[in-house]
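Chain A is the first sequence line, chain B the second, and so forth, proteins listed ahead of strands; every chain is numbered from 1.
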Amino acid sequence: MLEIDRLEVRYGGITALRGISIEVKEGETVLLVGANGAGKSSLINAVMGLVPAESGTIRFANADLSSLSCDRRARAGIGYAPEGRRVFPSLSVTDNVLAGAFGLGRARQSEALSWLHESFPLLAERGNQLAGQLSGGEQQIVALARAMASFPKLLLLDEPFLGLAPVWIARISEAIRAMQRLGTTILMTEQMARPALKLATRGYVIRGGEVRRSGPVAEIRDLALADEYL
Amino acid sequence: MHGIISAGIIGIGLGAQYALLALGFTLIFGVLGVVNFAHGGFYVLGGYVGYWAVSSAGLPYPVAVLAAVVATAALGYLFELVFVERFVDEQLATMMLTVGLYLVMSTGVLAGFGPEPADFAFPVTGSWHGGGFFIPWANLIVLGVCVLAIAAVYLVLYRTDLGRALRALADDRPVARAQGIRPHLLFPLAFALATGLAGLTGAVVTPILTLSPHVGDSVLATSFMVVILGGLGSVTGSTVAAFVVGLIEAYSDVYLGGSKGALALFLLVLLILIAKPSGLFGREARRA
Amino acid sequence: MSTGGTGAARLQLEGVSKRFGGLQVFKDITFEIPPGDLLGVIGPNGAGKTTLINVISGNLPPTQGRILLGKQNVTGKPVYAMSRMGVVRSFQQTNVFRNASVRENLARALRFSGAEGGSWRGIAELLEALGLAARLEEPAEKLPYGLQKMLGLMMAYATSPKVLLLDEPAAGLERRERARVDALIDHARNALGCAVLLVEHDMELIRRICPRIMVLEAGSVIAAGAPDEVLSRPDVIEAYLGPGDSEGP
Amino acid sequence: MTGRRRGRLVGAAEITALLLCVVAFATPWLTHNLFVLSVINQILIATMAAYSVHVMLRMNLLSFAVPAFMAMGGFAGALVAKHGGTNVLLVGGVSFLVPALIALPLGILILRLRGVYFVLVTYIFSEILQLLLFETPHLTGGSNGISGIPAATFLAQSFSSSAAVLQIAAGLALVATVVTAALCQWCEQPFAAIDENETLAASLGLVIWRFKALGFVVAAGLAGLAGLSLVLMLLTAHPSSFSPLSSVNYITYAIVGGRASILGPAVGSALLVFAGNIFSSQGEYSPGFFGVLILLVVFIARGGITGAVHTLWSRRRKQPASLAASTKLQDLA
Amino acid sequence: NSGCELKLGMIGPLSGAATSWGVALRSGAEFGAAEVNKTGGLPVGAEKCKVSVVSYDSKYTADGAAAGANYFASQNVKFIIGPVGSPEATGIKPVAQRNGQITFSTAYAKNAIEPQFPLAFHELSGPATWAPPLAKAAKEKFGFQSIVCVAPNDQGGTDIASVDAEAYRAVGIKASEEYYQRGTTNFAPIIQRILNQNPDAVDTASSPPGDAATMAKQLREAGFNGVIGRLGGPGTAEIIRAVGGVEKLGNFYWLEIVSTDDPGVKALWEEYKELMGQPAPDNTLMIPAVASSRLLLKAISKAGTIDDAAKVAEALRSLPVEDKNLGKGEWTGQKIYGINQELSFPVGMGLIINGKTVGVQKIDTVEAR
Ligand SMILES: Nc1ncnc2c1ncn2[C@@H]1O[C@H](COP(=O)(O)OP(=O)(O)OP(=O)(O)O)[C@@H](O)[C@H]1O
Ligand SMILES: Nc1ncnc2c1ncn2[C@@H]1O[C@H](COP(=O)(O)OP(=O)(O)OP(=O)(O)O)[C@@H](O)[C@H]1O
Ligand SMILES: [Mg+2]
Ligand SMILES: [Mg+2]
């Protein structure tokens with residue numbers, strides 16, 4: 001579904017990704033772990049098209065993404081929950097979610113909305129509040145719901161558990177599982193490795209912009225929970 | 001008593017006119033964050049296109065209004081695409097661009113139509129008289145257009161994907177793009193919508209008042225005042241503020257005279273903003 | 001290193017409530033933190049923790065109740081006044097001067113607070129420990145998330161506070177860096193004699209460093225006491241920890 | 001004041017700005033061309049007014065109140081010259097202080113407003129002041145203004161020729177440059193912090209309103225000096241010289257020049273005032289030419305003229321810049 | 001000898017709301033210059049000078065006009081037609097005096113010319129000259145007892161409306177003044193305020209043509225049947241159009257700065273078209289500009305210098321006032337301004353009575369001088 005080949009990303013003088021290669025098969029959930037500054041967000045943003053690739057290729061559903069702009073990629077079926085929430089602060093909660101389902105048509109939109117309301121009752125309760133007024137964790141839910149609202153083929157989640165209470169982590173995990181059951185392919189990063197590992201099928205350990213280890217969750221679990229990968 | 005009611009009727013008439021004026025301005029300003037100094041220019045251009053269509057092309061007035069909307073919208077679309085788009089996040093730069101555009105536009109109109117007021121008359125004349133009061137028919141028509149346009153803009157902005165997408169783009173462009181929203185398509189469109197509204201206002205209002213190349217100057221100030229007083233980006237807010245300003249203006253002008261009335265109006269607006277620093281309907285979206 | 005402790009003060013809340021229009025965020029909160037002490041505050045998302053910090057720091061006025069610093073009533077004072085009296089907060093989302101270098105960020109913290117105790121000397125050691133010393137000249141926006149977070153904490157620290165209000169300082173930090181947060185809090189308590197209020201969702205961190213915690217749920221305190229005791233209460237598990245043991249990173 | 005970079009020399013921009021005032025002062029010895037003198041005089045006035053905008057822009061506040069403060073300074077100066085004394089120092093002092101003193105209480109009221117709300121309030125303030133001029137004929141001469149103002153004097157010398165008027169303007173501009181540079185230098189960090197993140201600055205203990213008020217007061221004083229020079233140039237204080245919409249001009253000068261450096265106002269004023277004068281002899285198409293010029297400059301020079309030059313410059317000299325940065329490490333601890 | 005070139009300057013608003021006045025003035029000056037050039041140039045001493053017109057946009061501001069004077073000084077232009085408005089006149093007087101330049105302003109300001117500025121001339125007579133006879137004539141024609149004079153609240157309004165009102169009072173009419181903020185677009189509230197005073201007549205004084213037209217229209221819409229007057233500016237055509245025709249206008253009188261129905265004046269439009277190859281601008285302000293250009297050129301010729309403004313001014317004062325199209329006039333102003341430098345020709349009063357155009361009558365202003 002997603003093949004990243006020798007991808008390099010630079011910010012001015014800093015090289016964030018040094019020829020990284022990663023593959024995500026259809027229906028898989030792949031977890032990226034690594035220290036702060038390892039380059040996880042850079043990778044996700046490069047797939048989304050928000051930062052340009054210096055070299056290397058990104059293929060999605062057998063098509064080369066490099067010539068596609070960010071919005072084209074989104075419309076090709078990639079959903080995205082950015083690091084640090086970034087909800088649309090002056091839009092209401094409902095409008096935030098519907099913005100995620102932009103251009104799907106009314107029927108699909110209301111379908112998505114009612115599905116998300118079921119998973120996250122908060123969205124229904126606070127539908128008319130401005131998203132910028134929500135608490136940090138509540139915003140995180142909105143950002144996730146927004147990413148899921150278009151029922152994307154590939155879902156990019158950058159630290160979805162950031163700032164969530166344990167009980168909410170469980171709820172979000174449930175929603176992610178529901179996405180998995182729909183056959184969604186997921187690429188995620190997370191510092192809270194333990195709950196994330198429960199969701200993932202495979203994982204990559206990233207360090208200094210390169211892949212250190214990769215394999216099924218069972219194989220990298222210990223590594224991810226230990227300190228060595230730093 | 002009679003005087004108070006008459007002044008109220010006048011205030012509502014002014015309010016409708018201001019609301020219509022402010023609408024396009026809110027759209028560009030509240031949604032794209034661009035302070036459009038050329039707003040008055042599009043108003044004047046709308047008036048002149050309408051005038052040209054009626055007097056030179058011989059079109060019926062409603063068609064002329066339509067032509068004005070189309071022409072101003074097209075110009076707005078082009079301008080945003082060519083100039084504003086590159087600077088859309090820099091409020092100061094876009095402001096300067098629109099200042100430049102305004103100067104060019106008003107010179108163009110002056111060169112094309114000359115400095116004298118144009119002979120552009122509203123097709124409907126006369127007033128409705130009743131109970132000792134009167135309302136010019138033209139004002140009633142403007143009120144109708146105003147209500148329709150506000151309803152349309154409100155629906156577009158708050159009930160459609162397009163409106164949502166525009167507001168999302170204004171909040172956070174990269175993330176909005178990552179939802180599949182196309183800024184290069186939508187921003188010019190929004191700009192066109194807004195300038196088209198200014199053109200509509202011009203085509204409808206200038207025949208009631210006057211049409212000359214410089215009637216746009218004061219339009220800008222009024223729209224600006226109404227939009228901010230209402231609270232940034234709030235269509236409801238700017239509509240309410242338009243009628244508030246219209247009524248204050250009517251009463252203060254009638255009871256204090258034109259010059260002192262203007263002073264009273266400005267002082268009141270100043271006081272309102274000091275008491276309510278984010279406008280009548282402003283909502284503080286971001287927090288610590 | 002400065003001796004700090006001299007200006008230490010106790011933070012006390014008496015029946016503090018906050019409401020936004022129809023929404024009662026929290027009600028009748030009462031607690032105190034003596035100098036050098038640490039109170040952990042946990043609670044589900046939207047419980048009102050950040051709002052509590054906003055109210056104490058002066059970002060928002062309380063609807064009811066009193067806030068005391070030492071013997072002084074500081075209720076409703078503006079943010080800068082609170083900060084100058086030593087009540088300083090960190091932000092849940094990274095909040096630094098993005099266009100300024102790390103050095104300028106810290107220099108601003110030192111200068112704006114006008115604190116006599118604050119000096120480069122006082123923070124140099126900690127800068128090293130937090131991994132910021134090597135990147136002083138970089139613009140803050142180019143730092144990775146973790147370091148931005150550290151910088152934000154460091155700026156609060158650099159004002160030589162008497163009361164430090166930390167809003168999820170460890171969120172988004174990778175495991176090893178969380179230990180640095182521990183170090184910063186220890187430093188604040190021991191070197192400055194700070195009273196610290198810590199909001200955090202990382203139960204490991206809470207267990208590790210908090211002598212006592214308070215659980216906020218739907219705007220009221222449902223439990224308070226030592227972490228082990230509180231975190232094993234069924235109502236806390238129900239409201240906050242959830243059924244599965246998903247806690248910890 | 002720990003941690004602030006001490007002992008830093010005044011930058012190249014500040015020196016250049018001062019030099020420009022000196023050159024302006026010397027022009028009467030270089031040329032007798034009245035047009036040149038007149039344009040330079042106008043540029044000096046515009047520069048002072050644009051400084052006023054610049055100071056507020058440093059805090060991310062766009063002020064439309066410049067004409068209002070210019071009017072206060074101009075009328076106060078005119079009244080003093082007519083009824084008090086014509087000494088330049090006296091008249092200049094009054095025209096700086098009167099607007100500055102009025103700005104203080106006003107600032108406390110309106111500086112809570114941010115962004116466009118501030119813009120609107122300052123614009124409205126300009127409108128109010130204009131109307132007040134009309135409504136107070138006994139003090140300000142109403143719509144006719146005050147004419148017959150005696151020429152300014154200094155040490156028994158009277159400045160009435162165009163050359164002398166220009167030199168007074170240059171002297172006032174020099175003072176304005178020094179004041180602006182000193183303020184921007186002294187408040188660089190607070191202003192930058194307010195510009196970028198007010199919430200954070202406040203929570204670090206910065207008394208925001210104090211700096212905003214300081215900036216506003218100084219900006220008002222600077223505008224007052226500009227107003228005075230305008231009045232001295234025309235020997236008339238006339239309401240039409242301070243029309244609310246003229247604030248757009250001063251803002252344009254400041255922004256087109258570039259807001260990053262104190263040279264911005266001077267460069268923007270020089271280019272646009274000069275161009276405006278040239279265009280004015282082109283008849284009714286002059287605003288059009290002016291508009292095209294603004295469009296072009298904004299389109300080509302991102303960040304204003306000085307900003308664009310700076311970008312070009314630092315692109316060429318990347319190496320030395322980063323070297324300079326690393327030498328500053330030593331003032332740590 | 002083709003070496004001699006004389007540049008006439010024109011300063012006035014060429015942008016902004018008052019553009020049409022500046023354009024009219026410029027056209028007048030250009031016509032005056034063209035006339036002389038057709039005869040082979042202006043004889044100055046032994047030479048024949050080719051006359052050209054250069055213009056400067058003063059933007060209707062004091063500093064714009066001052067800058068223009070300086071610009072012309074640097075171009076060695078000593079003779080200026082204009083400026084137009086009061087702020088411009090205020091701004092240009094001291095500067096032009098300093099630069100040694102003659103100006104011919106049209107401003108209606110109370111101090112448009114002053115004894116301490118001997119180089120400043122006035123192109124046409126001001127309100128203090130024509131308001132008294134016109135007020136008297138209007139009272140005789142329409143017999144109204146009370147009037148409200150409306151104008152903008154700046155100098156361009158107050159300096160005229162207050163004089164008009166005074167003139168009405170002098171003939172026993174109850175007159176009050178109303179000032180509106182310049183830039184007002186909708187006059188409904190002002191009209192309401194005026195109607196609350198229940199006057200017999202309304203004088204739109206020097207309000208800009210567009211404003212006056214809107215006011216006239218809104219007055220009639222509001223059911224006002226009284227007389228509408230306009231002692232101040234041009235713009236009759238706009239008013240008639242806005243109201244929807246002469247019939248709807250009813251009773252209306254206005255000042256024409258020259259007696260436009262005079263055959264001589266009428267001929268000027270034809271001459272202009274013939275000489276310039278295009279129709280003259282639709283603004284009567286051009287006529288005094290033509291007259292003053294002619295007179296100025298004559299004075300330059302008589303003084304025999306194209307550099308010494310003081311000498312030309314001297315010649316100007318001594319010349320008899322006699323214009324090809326306007327007929328006999330005279331230098332006036334001593335009584336009103338304290339200096340006899342106002343170029344006066346008879347003015348006209350236009351009349352529409354009971355919805356019928358009566359035409360423009362010649363009014364002699366001699367009493368006021
Ligand atoms: N906009 C930027 N400009 C310059 N450098 C950047 C920028 N964004 C990221 N970097 C650098 O790129 C590197 C990788 O950053 P990235 O954000 O991808 O890491 P990450 O693995 O997501 O870290 P975290 O866990 O903290 O989110 C870091 O060294 C960082 O400093
Ligand atoms: N300005 C506001 N207007 C209206 N409601 C608000 C405002 N600010 C916060 N709230 C509401 O108050 C509640 C408490 O928010 P707060 O940010 O304090 O929660 P929190 O405990 O910090 O949560 P989290 O752990 O998710 O950060 C939330 O439901 C939020 O939506
Ligand atoms: Mg990241
Ligand atoms: Mg929070």
Visitor: For Leu156(A), is it the side chain, the backbone, both or neither that has a heavy atom under 4.5 Å from a heavy atom of chain B?
Guide: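 The answer is neither part of Leu156(A).
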Visitor: Against chain B, label Arg73(A) side chain, backbone, both or neither, depending on which of its atoms sit under 4.5 Å from a heavy atom there.
Guide: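 The answer is neither part of Arg73(A).
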Visitor: Please state whether the side chain, the backbone, both or neither of Arg106(A) comes within less than 4.5 Å of a heavy atom of chain B.
Guide: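 Contact with chain B involves the side chain of Arg106(A) alone.
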Visitor: Under 3.5 Å, is there a donor-acceptor pair between the Tyr43(B) and Thr72(B) side chains?
Guide: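 The answer is no; no qualifying pair exists.
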Visitor: Could you state the interatomic distance from NZ (Lys40(A)) to CG (Asp158(A)), rounded to the nearest 0.5 Å?
Guide: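 Result: 8.0 Å between the selected atoms.
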Visitor: Are Phe151(A) and Trp115(A) near enough that their ring centres are under 6.0 Å apart?
Guide: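 Centroid separation for Phe151(A) and Trp115(A): below 6.0 Å.
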Visitor: Answer with side chain, backbone, both or neither: which region of Leu50(A) has an atom nearer than 4.5 Å to a non-hydrogen atom of chain B?
Guide: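 Leu50(A) touches chain B through side-chain heavy atoms alone.
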Visitor: Please determine which of Leu157(A), Ile44(A), Leu155(A) meets the side chain to side chain contact (heavy atoms under 4.5 Å, CB included) test together with Met188(A).
Guide: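 Of the listed options, the one satisfying the test is Leu157(A).
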